[in-house]
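Shown next, in structure tokens, is the structure this report addresses.
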Amino acid sequence: MEKSCTLLIHFDKGTPAIANEIKEALEGNDVSAKVDAMKKAIMLLLNGETLPQLFITIVRYVLPSEDHTVQKLLLLYLEIIEKTDAKGRVLPEMILICQNLRNNLQHPNEYIRGVTLRFLCRLNETEIIEPLIPSVLQNLEHRHPFIRRNAILAVMSIYKLPQGDQLLVDAPDMIEKVLSKEQDPSARRNAFLMLFTCAQERATNYLLTHVDRVSEWGELLQMVVLELICKVCRTNRGEKAKYIKIIIALLNSPSTAVIYECAGTLVSLSSAPSAIKAAANTYCQLLLSQSDNNVKLIVLDRLNELKSSHRDVMVDLIMDVLRALSSPNLDIQRKTLDIVLELITPRNINEVVLLLKKEVVKTQTGEHEKNGEYRQMLIQAIHSCAIKFPEVASTVVHLLMDFLGDSNVASAIDVVVFVREIIETNPKLRVSIITRLLDTFYQIRAARVCSCALWIIGEYCLSLSEVESAIATIKQCLGDLPFYSASEEGEATDASKKTPQASSITISSRRPAVLADGTYATQSAASETAFSPPTIVQGSLASGNLRSLLLTGDFFLGAVVACTLTKLVLRLEEVQPSKVEVNKATTQMLLILVSMLQLGQSHVLPHPIDNDSYDRIVLCMRLLCNTGDEIRKIWLQSCRQSFVKMLSEKQLRETEELKAKAQVSHAQPDDLIDFYHLKSRKDEVQDDLKRATGEFVKDADDANKLNRILQLTGFSDPVYAEAYVTVHHYDIVLDVTVTNRTKETLQNLCLELATMGDLKLVERPQNYTLAPESSKQIKANIKVSSTETGVIFGNIVYETSNVLERTVVVLNDIHIDIMDYISPAVCSDTAFRTMWAEFEWENKVAVNTVIQDEKEFLNHIIKSINMKCLTAPSALDGECGFLAANLYAKSVFGEDALVNLSIEKQADGKLSGYIRIRSKTQGIALSLGDKITLKQKGGS
């Protein structure tokens, strides 16, 4: 279908050049016009045209040219034209180019000689090459290294031809002599490569003879030596020992490329701890010495592979790996922390945590713009360390609590979640954590962090002094009461009625106001009418964070404050012997709750209090007025028990994930056993090629394969076509079978395809001639650039001998399913919420299904759209008529897909609600929405 060429050229198929125009340009004397004409001719040849009429013109007018660009294009042209007939015999006209090639091989210009020798490496016709061999051999001793190195490659390619060993019988001897005398590094590399490829024993003997000087050889030659060692050790594993010494010696090479390859070769050849440690040390040195971030990421990937297979060795190098945190790149820092967290042991945990603490402190003083995100990663890493090894929690928890008021809200949330978990799992730290939390509570500025901190205070303040300190801290952060005050409208109205003779009465009052920067100022309010507008009482200048957040209308936080104060009063009743003090505290709490309700129902705030928060605060007021033993037990014990259960389930889930990861079977019990020593080298190469091209994919069952066969035309059409669709990650292969159902020969039959969406046709299939009642397989490659549903459509066009006009058969559309590109993935709740807030594309799908069970519907959606449910199973337990769950998946292009499912069971038993999809790109949101709409009714 296509010609092979060593040069990749872009060609616009919409404006093909005419052969006559090319011919006229080649016959002229203008060199630039000849260059353009040769380029057009090469492009046409690469796209399936034959252009036989140009050959003689090129021989007459292009061969004699002395221009280097023209000569280079001439060699490309000669490389891609057909040089043999249908029987494989060389065409007679090829004799015309042999003399020209011989002249080029003896040309005084080194460039012409060199490119001609390189061209000979791509010739396979023995009849053309044979008369040129003496000229090629003469160039092995040319004074210029550019010519010598290409002459060696030409000898190697000739020797590798089917009859090459007869054309050049003593080629290995000649090249070995050249290698012993050659000084140019590239020429030496090519000579050794020739021996390695064509006479491996000679290459091995040369290597072992000069083993003491291998470290002095050039970088290029050392790379080929490593390749030879790999090949020799694969075929003869008994000789590994003497070659590993050479690899160890090359680890001291000044070339980073060589030592990187040495490390990889060591790992592939030996599993001895000393060899693995040497390789790991090499990777760690590269990690620090290289400035290129891409190189560092590649080295970290190699270290990650070593961690998986040789964890015991990598544990000793954990501090060396951690030095990569000095890089300012977040991807490198994240990957480094991921590797380190899996190498932590009781022996090194203290060193690791100490270094992480130092890094956290550095983020406070540094001015790097990514410090907030880096600090968040460090906090999460310390959290993981403290969960695995609780004894280190005491050394880090107080340091991290300084970041509760961090401007990076995500970082502050990670800290408070860490504190919440540590205070439960480390009872010895409870008193010190509570004391520190109460001291730093006023610094917290984020509502979500405040909510979590208040929950900790309400649950873990147990002694009398702690409860009293907690109540005092919260009261101080709320400021003076009331939050909201209105002037006496009635008095003002009466005053206006009592003084009718006054033309206008001005009532002036002074009140504090909040300025744009958050400070307070006193302003005068004057009205010529009867009353003053309602105002917010800002409190003193020292008013705390809770008051500021409440005055913005955050009544969810207000409900959390109410619950915390209620818990503290209930606990005060247990620890305070004086009933008078308890009653006094209860009264003060009731006053605070009433003030919050008053603020929420005022018209000063842009939004009134929501019903949920209002009901919650009213419930707290009722509890404070009348508390029973059962209610007290629920508020003071059940909530904490639920938290403990959540932590145990989280730990169990993580343990199960690790077990599942460890038990992944890469081979089935009934698979054939592959004996390495019984395999030929050819089979091994074929296996490597299959892995590279993605052919080692587990085959689905036959029914699934049949589902991928799509009928493109009708049975009554003169041409029947069906396609087998194979979806790889980044491309789609259509294997189209076209059958001629007529009694006539179809000429110039062409499959014309077009795409809609982020799909692109890689190449245009060529024209075919189809005999009566015969079939043809046509392949088409389509490039995929993003995750969204795409459509492939087109037609088949052909001609017959009887009808002059072209006949068109329209094909059925092929719809590409988004499910082929997304797979279930896992992320933390915090990351999910952050992405949910950031992603701008949302698709809201109303629930419309015949399924009447909430969990059954959830499982059906998960199966239909191939996503992972992030909501814990315990959160889905019970029968309450409501269900909310978060689903997550990732595409092969790294795009995130978020789904939130919220459903309610109606009185008639039907389910109602919404499924919301969010993503960074429009394609995923729309495609997933269409998929859910199609599948949600309960169909297959």
Side-chain angles (χ1 to χ4, degrees), residues 196 204 207 211 214-215 217 219-290 292 294-324 332 335-336 338-343 345 661-662 664 666-667 674 676-677 679 681 684-685 687-692 696:
F196 162 43
T204 305
L207 173 61
V211 68
V214 171
S215 57
W217 292 353
E219 173 187 348
L220 297 173
L221 185 53
Q222 288 175 346
M223 297 288 277
V224 182
V225 166
L226 289 171
E227 193 176 345
L228 171 67
I229 291 173
C230 279
K231 186 175 181 182
V232 170
C233 291
R234 279 181 180 176
T235 54
N236 190 356
R237 293 182 175 268
E239 298 183 359
K240 277 196 305 184
K242 57 184 176 184
Y243 291 109
I244 285 180
K245 291 179 182 177
I246 299 174
I247 299 173
I248 299 284
L250 288 177
L251 283 175
N252 298 319
S253 171
S255 168
T256 53
V258 171
I259 62 174
Y260 174 81
E261 287 298 327
C262 280
T265 306
L266 264 181
V267 173
S268 64
L269 294 182
S270 175
S271 57
S274 57
I276 300 301
K277 190 169 184 178
N281 277 322
T282 302
Y283 286 140
C284 290
Q285 291 171 15
L286 289 172
L287 202 56
L288 296 173
S289 62
Q290 295 303 301
D292 191 315
N294 292 319
V295 173
K296 290 190 176 187
L297 289 170
I298 291 169
V299 171
L300 284 171
D301 284 336
R302 301 290 84 75
L303 287 170
N304 193 33
E305 291 171 2
L306 284 182
K307 176 208 70 182
S308 303
S309 53
H310 304 280
R311 184 178 183 276
D312 295 339
V313 176
M314 287 296 297
V315 164
D316 296 332
L317 300 172
I318 188 169
M319 300 309 294
D320 294 327
V321 177
L322 272 172
R323 292 166 70 185
I332 293 173
K335 191 166 282 192
T336 302
D338 289 343
I339 293 171
V340 165
L341 288 178
E342 295 188 32
L343 296 176
T345 63
K661 212 180 274 186
V664 171
H666 297 288
D674 186 10
Y676 180 87
H677 293 284
K679 287 180 70 173
R681 175 63 183 157
E684 186 180 342
V685 172
D687 289 350
D688 291 341
L689 285 173
K690 286 181 179 179
R691 287 190 187 94
F696 274 165

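Since the model is a prediction, treat every value here as computed from it, not as a measurement. The chain is numbered in sequence order, starting from 1.
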Query raised in the report: Once you round to the nearest 0.5 Å, how far does CE of Met314 lie from CG of Asp320?
Result: 9.0 Å

Query - Verdict with supporting geometry, Val321 and Thr336, side-chain contact (heavy atoms from CB on, under 4.5 Å) - result: CA-CA 7 Å; Val321 177; Thr336 302; 4.1 Å; yes

Query raised in the report: Excluding sequence neighbours, so at least two apart, what forms ring pair (Phe, Tyr, Trp, His ring centres under 6.0 Å) with Tyr260?
Result: Tyr283

Report summary line: Minimal heavy-atom distance between Ala263 and Ala279, with the atoms involved, is O-CB, 3.7 Å

Query raised in the report: Would you call Thr345 and Ile318 a side-chain contact if the rule is heavy atoms closer than 4.5 Å?
Result: no

Query raised in the report: Would you say Leu343 and Arg311 make side-chain contact, with heavy atoms under 4.5 Å?
Result: yes

Report task. Would you indicate whether the side-chain heavy atoms of Leu207 and Leu228 approach each other to under 4.5 Å? Result -> yes

Query raised in the report: Could you give the distance from CG (Leu300) to CD (Glu305), rounded to the nearest 0.5 Å?
Result: 11.5 Å

Query raised in the report: Quick one: which of Val267, Ile339, Asp301, Val313 gives a side chain to side chain contact (heavy atoms under 4.5 Å, CB included) with Leu306?
Result: Val267

Query raised in the report: If you round to the nearest 0.5 Å, how far is CD1 of Ile332 from CG of Leu297?
Result: 5.0 Å

Query - Leu287 vs Arg323 side-chain heavy atoms within contact, under 4.5 Å - result: no

**Report entry** Lys335 vs Asn304 side-chain heavy atoms within contact, under 4.5 Å
**Finding:** no

Query raised in the report: Nearest 0.5 Å, what's the NZ-CG distance between Lys307 and Asp312?
Result: 13.5 Å

Query raised in the report: Should Ile229 and Leu269 be marked as a side-chain contact (heavy atoms from CB on, under 4.5 Å) after you check the CA-CA gap, both sets of side-chain angles, and the distance that decides it?
Result: CA-CA 9 Å; Ile229 291 173; Leu269 294 182; 3.9 Å; yes

Query - Steps toward side-chain contact (heavy atoms from CB on, under 4.5 Å) verdict (Thr256, Gln290) - result: CA-CA 9 Å; Thr256 53; Gln290 295 303 301; 3.1 Å; yes

Donor-acceptor pairs under 3.5 angstrom involving side-chain atoms of residues 243-252: please list them, not counting sequence neighbours.
none

**Report entry** Separation of Glu227 CD from Glu261 CD (nearest 0.5 Å)
**Finding:** 9.0 Å

Query raised in the report: Between SG of Cys284 and CZ of Arg302, what distance do you get to the nearest 0.5 Å?
Result: 14.0 Å

**Report entry** Within-4.5 Å side-chain heavy-atom neighbours: Thr282 and Cys262
**Finding:** no

Report task. Consider only side-chain N and O atoms of Ser253 and Gln222, and report whether a donor and an acceptor are under 3.5 Å apart. Result -> yes

